[in-house]
Amino acid sequence: MTTAAQAPNQSGGHTVEKIGGTSMSQFEAVRKNIFMNPALGTRYYKRIFVVSAYSGITNMLLEHKKTGQPGIYALFSDAEEQQSWRDAFEQLRVRILEINKELFEAHGAEQLGQANEFIEQRLNDAHKVLEDVSSLCQHGHFALTDYLQTVREMLASIGEIHSAWNTARLLQLHGLNACFVDLSGWASPRHLSLDDNIKRAFEGIDLATQLPIATGYSHCDGGLMAIFDRGYSEMTFSRIAVLTGATEAIIHKEFHLSSADPGIVGANKAVPIGRTNYDVADQLANLGMEAIHPRAAKGLRQNNIHLRVKNTFEPDHSGTLITRDYVSDSACVEIIAGRMGVYAIELFDQEMVGDLSNYEAQILGQITRFKAQVINKDLNANTITHYLSANLKTAKRIQAALAELFPGAEINVRKVCIVSAIGSDLKIPGMLARTAQALADAGVDILGVHQCMRQVDMQFVLDEDDYNTAIKAMHSQLVEVHNHGRAIKLA
């Protein structure tokens, strides 16, 4: 009988590993450093891999994650100029076939032809669905909005279907018994829960002799993207680890989880993090610098599965080990991280005194209505300020809505940044004073400070123009003064 915590035919003792899109786009490095690393000897199995789409493909399918430039989905959902999504679809097709040529041409025309035939069938199916939905919605009884979430799920899955099939086939050509595990539910008449879909897909797979390559997208009742949006592959990865009883979950990225952005403080000054905990990972996620999606981390944490973040291109480095109960044996700052593009919405009202909870409930209602993310907040007797991850248009809409709710209030919107010192134990005497002095010495004015009693992070609200200067100043004062060597708290 299959239990809720264990998929069929699995006995633990294996790892579940996820490879990011940038790494996936450099297959030969991934093959040598991860799949067939000489350090493994012949121990290539007892591992499950979850792969992301090749770099840039999901942006073409949906929209650019950072710039918002529309991809096929965004153009299709606009519905005003139908030819635009068709043109974008053909551009995607060209790019996907280019990737196939780069990967399979050296293996001969037959192998390239098989790879192209597989993904072309999926692309053609998806194109037909889009045409059918578009045609259907020309009739007044059918609304495009009723189908958009399903369309988004379908399009998102194509990227991972492509990369997973290719990876499994390429590894077979290199002598490994790899198998393609398609979790996408493509053309499946059944709607299963996420857990049931995963358990069913891994039935009959012998991890001792097979190397599963699973799609980062998984079909499930209600839609994975509807809940996690672009964090869907990490949720798939997490649930596979939990359901198969993995001993460790590993994420391979193109960089180390480091003490700060090497591009800001300098590669020679940023230090990889050796050990930390899931609490720190949550703080990073709140700043938009996810080691792992918080909901994905929850399952790993609850099941006491350790997470390791490794640099694909430095396979001999042990990376960052993230565990449930780890606390640094000596208090220290592990990471200086931050977020730009934050909007502070400050509401001042003399009538607020003694009625804070009512005001806050209504303010949060409007923030939720416009789907902005609260990063932090502060308040006093007559003022509440929320720091939001949102664009200016959304911030102005929230401001206008609040002005209607509180006509006597003064409401200001200001673009700021947040820079944070994060660590598993920040009980460092005088750290706040030293950091404030370091920022002052660097010419940075502090607009706000937040430090909670849990003492895992300390946040500074600053003018956005001071972002890089603040990162450098805080890293210099809180990290570089210590000789951490190869990593902070090496695992």
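Just so it is clear, the model here is predicted, and its values are computed rather than measured.
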**Fill in**
Rounding to 0.5 Å, atoms CD1 (I336) and CZ (F460) come to a distance of 9.0 Å
**Message:** What I'd like to find out is whether the side chain of L148 reaches to under 4.5 Å of the side chain of F76, using heavy atoms alone.
**Reply:** yes
**Asked** What orientation do F228 and H293 show, parallel under 30°, tilted 30 to 60°, or perpendicular over 60°?
**Response** perpendicular
**Prompt:** Can you check whether K18 reaches S233 side chain to side chain, under 4.5 Å on heavy atoms?
**Reply:** yes
**Asked** Side chains of I273 and T276: closer than 4.5 Å at any heavy-atom pair?
**Response** yes
**Message:** Between Y387 and Q459, is there a side-chain donor-acceptor contact under 3.5 Å, judged purely by atom types and distance?
**Reply:** no
**Prompt:** Under 3.5 Å, side chain of S476 to main-chain N/O of A473, donor-acceptor pair present?
**Reply:** no
**K393 atom NZ: more than 12 heavy-atom contacts under 6.0 Å** = no
**Request:** Spell out, as yes or no, whether a donor-acceptor pair under 3.5 Å connects the side chain of Q399 to the backbone of I411.
**Result:** yes
**Item:** S238 side-chain N/O to E234 backbone N/O, donor-acceptor pair under 3.5 Å
**Value:** no
**Prompt:** For H256 and E314, does a side-chain donor sit closer than 3.5 Å to a side-chain acceptor?
**Reply:** yes
**Asked** Does the pair R152 and E63 meet the rule for a salt bridge (charged side-chain N to carboxylate O under 4.0 Å, His left out), with working shown?
**Response** CA-CA 10 Å; R152 186 172 178 83; E63 66 282 315; 2.9 Å; yes
**D196/K199 under salt bridge (charged side-chain N to carboxylate O under 4.0 Å, His left out): CA gap, chis, key distance, verdict** = CA-CA 5 Å; D196 285 343; K199 287 186 285 187; 3.7 Å; yes
**Request:** Indicate whether the side chain of Q362 and that of Q366 have a donor and an acceptor atom separated by less than 3.5 Å.
**Result:** no
**Request:** Might you point out which heavy atoms bring D355 and E351 nearest each other, and give the distance in Å?
**Result:** CB-O, 4.2 Å
**Message:** I need the minimum non-hydrogen distance between L426 and C332, along with the two atoms involved.
**Reply:** CD2-O, 3.4 Å
**Prompt:** Do you know the tightest heavy-atom contact between A421 and L478?
**Reply:** CB-CD1, 3.9 Å
**Message:** Within this structure, what is the CG-CG distance for the pair L92 and L123, rounded to the nearest 0.5 Å?
**Reply:** 6.0 Å
**Asked** When you measure from the side chain of E17 to the backbone N and O of V50, does any donor-acceptor pair fall under 3.5 Å?
**Response** no
**Asked** Mind checking whether T385 and L379 have side chains closer than 4.5 Å, heavy atoms only?
**Response** no
**Asked** Is there a side-chain contact between R454 and D279, using heavy atoms and a 4.5 Å cut-off?
**Response** yes
**Asked** Does R339 reach the main-chain N or O of N286 with its side chain, forming a donor-acceptor pair under 3.5 Å?
**Response** yes
**Asked** Under 3.5 Å, is there a donor-acceptor pair linking the side chains of T58 and R230?
**Response** no
**Prompt:** So, the side chain of N277 versus the backbone of Y326: is there a donor-acceptor pair under 3.5 Å, distance only?
**Reply:** yes
**H475 and E480: CA distance, side-chain angles, deciding distance, side chain to side chain donor-acceptor pair (under 3.5 Å) verdict** = CA-CA 6 Å; H475 192 265; E480 293 170 33; 2.7 Å; yes
**Prompt:** Do other residues, nucleotides or ligands put more than 12 heavy atoms under 6.0 Å from Q69 CD?
**Reply:** no
**Message:** I need the S157 OG to M225 CE distance, nearest 0.5 Å.
**Reply:** 10.0 Å
**Asked** Could you state the interatomic distance from CD (E254) to CG (N311), rounded to the nearest 0.5 Å?
**Response** 8.0 Å
**Fill in**
Output for pair (I292 CD1, L284 CG), nearest 0.5 Å, gives 12.0 Å
**Item:** Contact check, side chains of R434 and I428, non-hydrogen atoms, under 4.5 Å
**Value:** yes
**Request:** Could you check M458 against H450 for side chain to side chain contact (heavy atoms under 4.5 Å, CB included), going step by step and ending with a plain yes or no?
**Result:** CA-CA 6 Å; M458 178 174 62; H450 302 98; over 6 Å; no
**Request:** Would you check if there is a donor-acceptor pair between the side chains of D87 and Q83 at a distance under 3.5 Å?
**Result:** yes
**Message:** Using the rule given for side chain to side chain contact (heavy atoms under 4.5 Å, CB included), can you reason through F237 versus L307, listing the C-alpha separation, both sets of side-chain angles and the distance that settles it, and then say yes or no?
**Reply:** CA-CA 11 Å; F237 159 75; L307 172 66; 4.0 Å; yes
**Prompt:** Judged by atom type as modelled, is there a donor-acceptor pair below 3.5 Å linking the side chain of T236 to the main-chain atoms of G216?
**Reply:** yes
**Prompt:** Ring centres of F406 and Y359 under 6.0 Å apart?
**Reply:** yes
**Message:** Can you tell me how the ring of Y232 sits relative to the ring of Y217, calling it parallel under 30°, perpendicular over 60° and tilted otherwise?
**Reply:** perpendicular
**Request:** Answer with yes or no whether the side chains of E334 and S424 bring together a donor and an acceptor at under 3.5 Å.
**Result:** yes
**Prompt:** Should we count CZ of R95 as having more than 12 external heavy atoms under 6.0 Å?
**Reply:** yes
**Prompt:** Between the side chains of D425 and S328, does any donor sit under 3.5 Å from an acceptor?
**Reply:** no
**Asked** In this structure, which one of V461, V342, L447, L462 forms a side chain to side chain contact (heavy atoms under 4.5 Å, CB included) with C417?
**Response** L462
**Asked** Regarding R301 and the six-membered ring of Y278, is the cationic atom NZ or CZ under 6.0 Å from the ring centre and inside 45° of its axis?
**Response** no
**Asked** If you measure only the distance, is there a donor-acceptor pair under 3.5 Å linking the side chains of N391 and T394?
**Response** yes
**Asked** Any donor-acceptor pair under 3.5 Å linking the side chain of S420 with the backbone of I422?
**Response** no
**Prompt:** Would you say the side-chain atoms of D182 pair up with the backbone N or O of T215, donor to acceptor, closer than 3.5 Å?
**Reply:** no
**Item:** Heavy-atom closest contact (I398 atom, A372 atom, distance)
**Value:** CD1-CB, 4.0 Å
**Asked** How about K310 and H317: do any of their side-chain heavy atoms sit closer than 4.5 Å?
**Response** no
**Request:** Would you indicate whether the side-chain heavy atoms of W85 and H127 approach each other to under 4.5 Å?
**Result:** yes
**Prompt:** Any chance the side chains of T469 and D466 put a donor and an acceptor closer than 3.5 Å?
**Reply:** no
**Message:** Distance alone, cut at 3.5 Å: any donor-acceptor contact between the side chains of S193 and D195?
**Reply:** no
**Step-by-step side chain to side chain contact (heavy atoms under 4.5 Å, CB included) determination, R275 to I322** = CA-CA 6 Å; R275 292 206 64 179; I322 301 173; over 6 Å; no
**Asked** Taking the side chain from R308 and the backbone from S318, do they hold a donor-acceptor pair closer than 3.5 Å?
**Response** yes
**Request:** Assess the side chains of K253 and S23: does a donor N or O sit below 3.5 Å from an acceptor N or O?
**Result:** no
**Message:** So if I apply the side chain to side chain contact (heavy atoms under 4.5 Å, CB included) rule between V444 and each of D463, L439, D465, which one comes out positive?
**Reply:** L439
**Item:** Over all atoms of both residues, closest heavy-atom pair of L183 and A201
**Value:** CD2-CB, 3.3 Å
**Item:** Candidate pair Q437 and D441, rule side chain to side chain donor-acceptor pair (under 3.5 Å), full reasoning
**Value:** CA-CA 6 Å; Q437 187 61 57; D441 291 344; 2.8 Å; yes
**Prompt:** Got a second to check how far I158's CD1 is from L62's CG, nearest 0.5 Å?
**Reply:** 9.5 Å
**Asked** Would one find more than 12 heavy atoms of other residues, nucleotides or ligands at under 6.0 Å from atom CD of Q149?
**Response** yes
